[in-house]
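Worksheet: one structure, shown below.
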Amino acid sequence: MADQEGIEFMLPICRWKGYGGATDYQGATLETVTWACGLLAKTERLTVFGTVHAPLIPPLIAAKEFVTADHIGEGRFGLNLVCGWNEGEFEMFGATLRDHEARYAYAQDWLDIVKLAWSSREDFDFEGGFIRLKRVRANPKPYGGTRPLIMNAGASPTGQAFAIRNCDALFSTILHGISFRETAQHVENIKALARRCGREIDVYTVGVVTCRPTGRQATDYYRHCIVENADWDAVDNILAMRNVTPQTYAPEEFRRIREHQANGMGGLPLVGDPDTVARELAQLAAAGLTGIAVSFVNYLDELPYFCAEVLPRLARSELREKPGAI
Ligand SMILES: Cc1cc2nc3c(=O)[nH]c(=O)nc-3n(C[C@H](O)[C@H](O)[C@H](O)COP(=O)(O)O)c2cc1C
């Protein structure tokens with residue numbers, strides 16, 4: 001359905017260990033590159049990302065997996081590179097979570113190798129701060145003389161600088177209540193930093209859509225899911241891993257972060273009737289964002305309504321091209 005309606009991409013979460021709570025939130029997730037291969041084989045236009053923890057897989061295996069997926073999708077595979085933050089997951093691999101700066105320094109070696117494996121027509125040696133390789137040969141290259149899109153969602157200055165140096169897209173979370181001006185300034189700042197390195201980068205964000213025929217129905221459903229029926233134990237486990245606890249934050253701030261987290265792991269809430277949701281998306285575009293990864297509580301129920309009501313409104317305001325029929 002997403003492919004037919006002209007949704008541009010799908011972006012999976014890569015999770016190895018659930019967050020506990022009554023639902024064991026994200027406890028059963030598919031491996032994302034394999035998942036992408038399946039979707040790419042069954043679709044025609046979508047870009048499908050694989051989300052990969054650089055420290056958990058050798059770069060040459062990863063590079064070849066990405067090339068394989070890219071050939072299946074005839075150039076539609078994208079890479080979401082993540083450095084990891086969840087210690088429990090790393091323990092399962094017998095891997096150590098490096099300190100924050102070193103995580104991105106390691107990822108730089110890793111991504112440099114992946115890009116060389118994709119592009120180098122000759123055997124190459126690699127001598128990085130973390131990884132050394134001899135006489136590397138990697139074929140085939142990505143599909144059709146292009147390379148997969150690369151994105152990263154670094155939030156820290158180091159993470160953002162990594163994306164600016166290396167990626168086509170940076171995903172930034174926008175907290176609920178952040179003003180239009182602050183969002184526009186953030187986007188402009190990232191683009192200006194990229195220009196200074198002679199690069200161009202697109203900035204995207206993440207949102208959770210609750211769209212219903214009336215605003216009242218939408219807020220009722222939002223309250224039902226996100227406030228009354230959230231798996232608060234899982235939410236608190238996630239926050240504790242990041243040292244966000246009632247001990248480290250003031251009560252009001254803790255409550256705000258907790259609700260933000262319960263809403264689809266921290267996406268911007270887009271709650272309302274189709275006019276309201278379309279207007280809010282238009283404002284994000286006006287602030288300079290290129291796109292948004294949206295999630296729903298129940299995709300099968302909610303995506304058809306979103307596609308039928310919100311997408312045409314965006315097309316009418318010339319924020320999207322109308323998809324041609326397949
Ligand atoms: C849209 C989006 C998707 C992300 N996907 C994953 C993921 O699948 N797995 C993961 O471990 N981290 C994921 N992250 C976390 C980021 O990679 C990053 O670690 C986090 O935003 C903190 O930024 P920092 O590393 O600069 O401190 C995601 C973040 C965002 C905003």
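Remember, it's 1-based here, ligands and their atoms both numbered in the order they're listed. A quick note: this is a predicted structure, and the numbers were derived from the prediction, not measured.
The nearest protein atom to atom 26 (O) of ligand 1, hydrogens excluded, is given as Ser156 OG, 2.5 Å; this is a heavy-atom distance.
Close approach of ligand 1 to Thr173 is summarised as follows: ligand atoms under 4.0 Å from at least one heavy atom of the residue are 31 (C). Residue-ligand proximity, His100 to ligand 1, at heavy-atom distances under 4.0 Å covers atoms 24 (P), 25 (O), 26 (O), 27 (O). Per-residue contacts place Arg15 under 4.0 angstrom from the following atoms of ligand 1 (heavy atoms of the residue considered): 9 (N), 10 (C), 11 (O). Under a 4.0 Å criterion applied to the non-hydrogen atoms of Val206, ligand 1 contributes the atoms 1 (C). Close contacts between ligand 1 and Ile13 involve ligand atoms 8 (O) [criterion: under 4.0 Å to a heavy atom]. Close approach of ligand 1 to Cys14 (heavy-atom distance below 4.0 Å) involves ligand atoms 7 (C), 8 (O), 9 (N). The ligand atoms of ligand 1 that sit less than 4.0 angstrom from a heavy atom of Gly154 are 23 (O), 26 (O).
At under 3.5 Å, not a single nitrogen or oxygen of Phe171, backbone or side chain, sits near a nitrogen or oxygen of ligand 1. The shortest N or O to N or O distance between Thr51 and ligand 1 is not below 3.5 Å.
With a 4.0 Å heavy-atom cut-off, ligand 1 is reached by no atom of Glu89. Counting heavy atoms under 4.0 Å from ligand 1, residue Arg103 does not touch it at all.
Under a 4.0 Å N-O distance rule, the pair Arg76/Glu44 does not qualify as a salt bridge. A salt bridge between Asp123 and Arg135 is absent, with no side-chain N of the basic residue lying under 4.0 Å from a carboxylate O of the acidic one. Salt bridge present: Asp220 and Arg223 bring a charged side-chain N and a carboxylate O closer than 4.0 Å. Using a 4.0 Å cut-off between a side-chain N of Lys or Arg and a carboxylate O of Asp or Glu, Glu188 and Lys191 do not qualify as a salt bridge. Using a cut-off of 4.0 Å between Lys/Arg side-chain N and Asp/Glu carboxylate O, Glu259 and Arg255 are scored as salt-bridged. In summary, Arg320 and Glu8 engage in a salt bridge, as defined by a charged side-chain N under 4.0 Å from a carboxylate O. For Glu89 and Lys17, the salt-bridge test fails: no basic side-chain N is under 4.0 Å from an acidic carboxylate O. Under the 4.0 Å criterion applied to side-chain N and carboxylate O atoms, Arg216 and Asp273 are not assigned as salt-bridge partners.
Using 4.0 Å as the threshold, Met265 has no heavy atom nearer than that to any atom of ligand 1. Ligand 1 is never approached by Gln160 to a heavy-atom distance shorter than 4.0 Å. Every heavy atom of Asn86 sits 4.0 Å or more from the atoms of ligand 1.
Within the cation-pi definition used here (under 6.0 Å to the ring centroid, within 45° of the axis), Arg98 qualifies as a partner of Tyr106. Taking the ring axis of Tyr221 as reference, the NZ or CZ atom of Arg212 stays within 45° of it and closer than 6.0 Å to the ring centre.
When the options Ile174, Leu81, Asn80 are ranked by their closest heavy atom to atom 5 (N) of ligand 1, first place goes to Asn80. Evaluated by nearest non-hydrogen atom to atom 16 (C) of ligand 1, the leading choice among Gly84, Ala163, Ala153 is Ala153. For atom 6 (C) of ligand 1, the nearest non-hydrogen atom from the set Leu170, Thr205, Val82 belongs to Val82. The nearest non-hydrogen atom to atom 23 (O) of ligand 1, considering only Ala107, Gly267, Gly50, Ala155, comes from Ala155. The option with the heavy atom closest to atom 25 (O) of ligand 1, from among Tyr104, Trp85, Phe162, is Tyr104.
Leu40 places a side-chain heavy atom less than 4.5 Å from the side chain of Phe77. Two residues are said to be in side-chain contact when any heavy atoms from C-beta on lie closer than 4.5 Å; Gln108 and Phe162 meet this criterion.
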